[in-house]
Amino acid sequence: MRFSQIFGHTLKEAPSDAQAISHQYLIRGGYIHQVAAGLFSYLPLARRVLNKIEGILHEEMAAIGGQEVTMPVVLPADMWQESGRWYTIGSEMTKFHDRKDHDMVLAMTHEEALCNLASKYIRSHKELPQLVYHIQTKWRDDARPRAGLIRVREFKMKDSYSLDTSWEGLDKQYRAHYQSYFNIFNRCGLDVLAVKSDTGMMGGKIAHEFMYLTPIGEDTIIYCDNCGYHSNRQVADFKKPEAVKEDLKELEKVETPNSKTIEELADFLEIPESRTAKAVFMVATVQEDNETEVEKFIIAILRGDMNLNETKLANAVKAKDLRPAHEDEIKAAGAVPGYGSPVGIKGAIVVVDDLAAESTNLVGGANEDGYHLLNVNCGRDFKADLVIDITAAETGHRCIECGHVLEAEKAVEVGNIFKLGTRYSEAMNVTYQDKNGKVQPVIMGSYGIGVGRLLSCVVEQHHDDYGIKWPISIAPFEVEIVLLHDKKGTEAQDVAETLYEEFKAAGVEVLFDDRKESPGFKFNDADLVGIPLRLTVGRRALDKGGVEFKLRGSKDNEIVPVDKAVEKIKAEIERLHKEIRDSLQTVEYKD
RNA sequence: CGGGCUGUGGCGCAGGGGGAGCGCGCGCCGUUCGGGACGGCGAGGCCGGUGGUUCAAAUCCACUCAGCCCGACCA
């Protein structure tokens, strides 16, 4: 490709909208164009990168037995009604009517489509196991697109679906994906971490997320430096401190003016925060059946020095939605904000964290302005509907595995794998006949990778102050020829043209900067666009007997004779590929 | 959906009741040519939109739309 003919051009300055480095470089490099919030056009350069990534996805899927299909982006509503997600997913899902006034859905993901397909074609245990996948557009009307391609509304995703007759079969495919995903990300040059995660809207049993650690991420990983434990904060476990257990003392009301927060209360009473109980008032939306959902008032009780993990609480009460209660709702329940506790409150679901439930003689609210109760004890003074871990793991807590101090770091989720089990197959009748002729639900898994998000994360990981530094595996071109105008004659021009033809003939992906621009301009663009290998053809190098070879990001360069240039570049391409191949490792599966 | 910020040529920005400007980029001509060269000529904007105030609005007011950041949410 001649640089002069590329559709799109580089920019000296990024639009002020672009904050994330990947967003800035992708726009400045002429890779992407923003159409609206969370909607992007991919220009030819980016398209080439996407093609490379998709190529890797195809190879790795094939390696674990995946068969490619394509399912529609527009889906009829009835299959989403069958799965129930029609009713449980909110405005993130776009629904519309076709001309016949049928309810339609823009697919956010394709479990329903796949189940519908599988229910038609899977009949017998002899046809299982299966692994099918596609790379398809998804639409999620996200409330807050951000950071360029990191969080968008329309995006392409590789999603695969495994179909098995046994849990062992599912486990095998799940583990195959676990390894495959490391291969995929590492082949793209991205360092990732697999962490245990919440199953969220997907439902199902076990899930892992593949995380790229970066401060611009919006997930938080809790990890242990000592033993390697890591988990999404949403589901992170930690070793709770020993509960203080004393003989139960008598309940006593004390005046505690201006002590609405745990900190103020602990200060006022001169006790540690760990001797208090924190009441968090929440409202959960719970699905009664497909048609009705009800709001339930929840009082969550934690030890005063701990914070609520809303995901854990939502899962504990099977909430579709969970939000903090409004002040009037708290009052209506008979509690007093700042002085609240479940003591004497009726009609609320009381969820007590195990640590708070075991602790004795805590200080809790009296549900009276300016008063607290000493020696509150779970079970005696209030009844717990549920005792379960609902505390958020935080920096400084102890590792559940080894007791070492936990750390936290931000991350972007670039992939996920879910053991769905029979959650969809039962709802959508994806069944087969087993050896005994008995009808059984298929046991499923689903496995996703956001292609554009992966691309932008690679830019986050591979760049410097001048631009992108593509790994050879996904670079839009392998080598860039930079032609510097030679006023004394046409030799440079001729050499560059010849090399360009030779590279094309040799099957090397070459970008030829043939533009009539000054050297500095071209070098800066080369750095920005980020092609891994660079050949500079100019008077200076020709006088030294060849053309100048340089790796993107390296300061060193060497003169290569013109007739050795193709050979040299091919060797360098192979060397870079080998570097990536050699870095691939078998990873240990962690539950 | 809450809080904050921003909308003026392709990009970056200034101006802030009476002329629509600057830098970069873009077109043509000439010079230049190893890290974003220079001169000359030129194209390009109903100042996000609507309504209002005013003799007069890019500028003041109201409403509205869009984008970005933080939060809620989410792959």
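Labels below follow one simple rule: chain letters A, B, ... track the order of the sequence lines, proteins then strands, and each chain is numbered from 1.
- For B:rC28 and B:rA14, the P atoms lie 32 Å apart once the distance is rounded to whole Å.
- Positionally, the nearest nucleotide of RNA chain B for A:His485 lies more toward the 5' end than for the other of A:His485 and A:Pro145.
- You won't find any donor-acceptor pair under 3.5 Å spanning the side chain of A:Arg153 and the base of B:rC74, going by distance alone.
- Here A:Cys457 contributes atom SG and A:Phe185 contributes atom CZ; the two are 9.0 Å apart, rounded to the nearest 0.5 Å.
- A:Ala14 comes within 4.0 angstrom of the backbone, heavy atoms only, and of no base.
- The distance between atom NE2 of A:His33 and atom P of B:rG67, rounded to the nearest whole Å, is 12 Å.
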Practice item. Go through the steps for A:Phe210 and A:His177 under the test ring-ring contact (aromatic ring centres under 6.0 Å, His included), then give the verdict. Key: CA-CA 11 Å; A:Phe210 289 78; A:His177 277 86; 9.8 Å; no

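- The P atoms of B:rA20 and B:rC24 are separated by 23 Å, rounded to the nearest whole Å.
- Using a 4.0 Å heavy-atom criterion, one finds that A:Glu310 contacts the sugar-phosphate atoms exclusively.
- Comment: A:Arg153 engages A:Asp141 in a salt bridge, judged by a side-chain N to carboxylate O separation of less than 4.0 angstrom.
- Counting only heavy atoms from C-beta outward, the side chains of A:Tyr181 and A:Val192 never approach each other to under 4.5 Å.
- Checking B:rG36, B:rC74, B:rC69 against every side-chain atom of A:Arg146, the shortest atom distance belongs to B:rC69.
- The C1' atoms of B:rG35 and B:rA43 are separated by 31 Å, rounded to the nearest whole Å.
- Considering only residues two or more places apart in sequence or on other chains, A:Phe281 meets the ring-ring contact (aromatic ring centres under 6.0 Å, His included) condition with A:Phe297.
- The interatomic distance linking A:Asp142 (CG) with B:rG67 (P) rounds to 13 Å, in whole Å.
- Listed nucleotides: B:rG34, B:rC68, B:rC74. Nearest to the side chain of A:Leu484: B:rG34.
- Checking B:rC74, B:rC68, B:rA72 against every side-chain atom of A:Ala143, the shortest atom distance belongs to B:rA72.
- Remark on RNA chain B: of its neighbouring residues A:Arg539 and A:Ala36, the 5'-side contact belongs to A:Arg539, judged by nearest-heavy-atom nucleotide.
- Atoms CZ and CG, on A:Arg28 and A:Asp525 in that order, are 8.5 Å from each other to the nearest 0.5 Å.
- For the pair A:Glu13 CD and B:rG9 C1', the interatomic distance rounds to 15 Å; values are reported in whole Å.
- Closest approach to the A:Gln34 side chain among B:rC74, B:rG67, B:rG12 is made by B:rG67 (side chain taken as heavy atoms from C-beta onward).
- Going from the C1' atom of B:rU50 to that of B:rA37 covers 47 Å, rounded to whole Å.
- For A:Glu572 and A:Lys550, the salt-bridge test fails: no basic side-chain N is under 4.0 Å from an acidic carboxylate O.
- As rounded to whole Å, 15 Å separates atom P of B:rG25 from atom CG of A:Leu528.
- Looking at the side chain of A:Pro15, the nearest of the listed nucleotides B:rG36, B:rG12, B:rC74 is B:rG12.
- The side chain of A:Arg540 contributes no N or O atom lying less than 4.0 Å from OP1 or OP2 of B:rC33.
- Atom C1' of nucleotide B:rA72 and atom CG of A:Leu308 are separated by 14 Å, given to the nearest angstrom.
- When the nucleotides B:rC73, B:rC24, B:rA37 are ranked by their closest atom to the side chain of A:Arg151, B:rC73 comes out on top.
- For A:Ala541, taking side-chain heavy atoms from C-beta onward, the closest of the listed nucleotides B:rG36, B:rG34, B:rC68 is B:rG34.
- Taking every side-chain heavy atom of A:Pro519 into account, B:rG34 is the closest of B:rG23, B:rC68, B:rG34.
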Exercise for review: In sequence, state the C-alpha distance, the side-chain angles, and the governing distance for A:Tyr174 and A:His208, and then conclude on ring-ring contact (aromatic ring centres under 6.0 Å, His included).
Suggested key: CA-CA 10 Å; A:Tyr174 190 84; A:His208 283 85; 5.7 Å; yes

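- Among the heavy atoms of the strands lying under 4.0 Å from A:Arg534 is at least one base atom, whether or not backbone atoms are also near.
- If you check every strand for non-hydrogen atoms under 4.0 Å, A:Val152 touches a base.
- Listed nucleotides: B:rG12, B:rC68, B:rG36. Nearest to the side chain of A:Asn524: B:rG36.
- For the C1' atoms, the distance from B:rC13 to B:rU6 is 13 Å, rounded to whole Å.
- A:Asp486 comes within contact range of no nucleotide atom at all, as no heavy-atom separation falls under 4.0 Å.
- Applying the 3.5 Å distance criterion, the base of B:rG10 shares no donor-acceptor pair with the side chain of A:Arg28.
- Between the CD atom of A:Glu209 and the P atom of B:rC74 there is a distance of 12 Å, given to the nearest Å.
- The phosphate of B:rG12 (OP1 or OP2) has a side-chain N or O of A:Ser16 nearer than 4.0 angstrom.
- When the P atom is used for both B:rC26 and B:rG10, the distance is 15 Å, rounded to whole Å.
- Following rounding to the nearest Å, A:Asp17 (CG) and B:rC13 (P) show an atom-to-atom distance of 10 Å.
- Remark: A:Arg534 does not engage A:Asp513 in a salt bridge, criterion side-chain N to carboxylate O under 4.0 Å.
- Contact annotation for A:Gln19: backbone-only contact, meaning every heavy-atom pair under 4.0 Å involves sugar-phosphate atoms and none involves a base.
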**Study point:** Base-pair map of RNA chain B as dot-bracket, where | denotes pairing with a different strand and pairs are Watson-Crick or G-U under 3.5 Å
**Key:** ((((((((.[[[[.)..(..]]]].((((((.....)))))).....[[[[[..)....]]]]])))))))....

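- When the C1' atom is compared between B:rC47 and B:rG4, the two are found 24 Å apart, to the nearest whole Å.
- Here the separation of B:rC65 from B:rG49, taken at their C1' atoms, is 7 Å to the nearest Å.
- In terms of heavy-atom proximity, A:Lys95 sits nearest to A:Met93 at CE-CE, 3.5 Å.
- A:Gly448 comes within 4.0 angstrom of nothing in the nucleic acid, heavy atoms only.
- Taking 4.0 angstrom as the limit, A:Arg144 places a side-chain polar atom (N or O) nearer than this to OP1 or OP2 of B:rC70.
- Here the side chains of A:Tyr133 and A:Glu68 are in contact, with some heavy-atom distance below 4.5 Å.
- For the pair A:Ile216 CD1 and B:rC70 C1', the interatomic distance rounds to 15 Å; values are reported in whole Å.
- When heavy atoms are screened at a 4.0 angstrom cut-off, A:Ala147 is found touching the sugar-phosphate backbone but no base atom.
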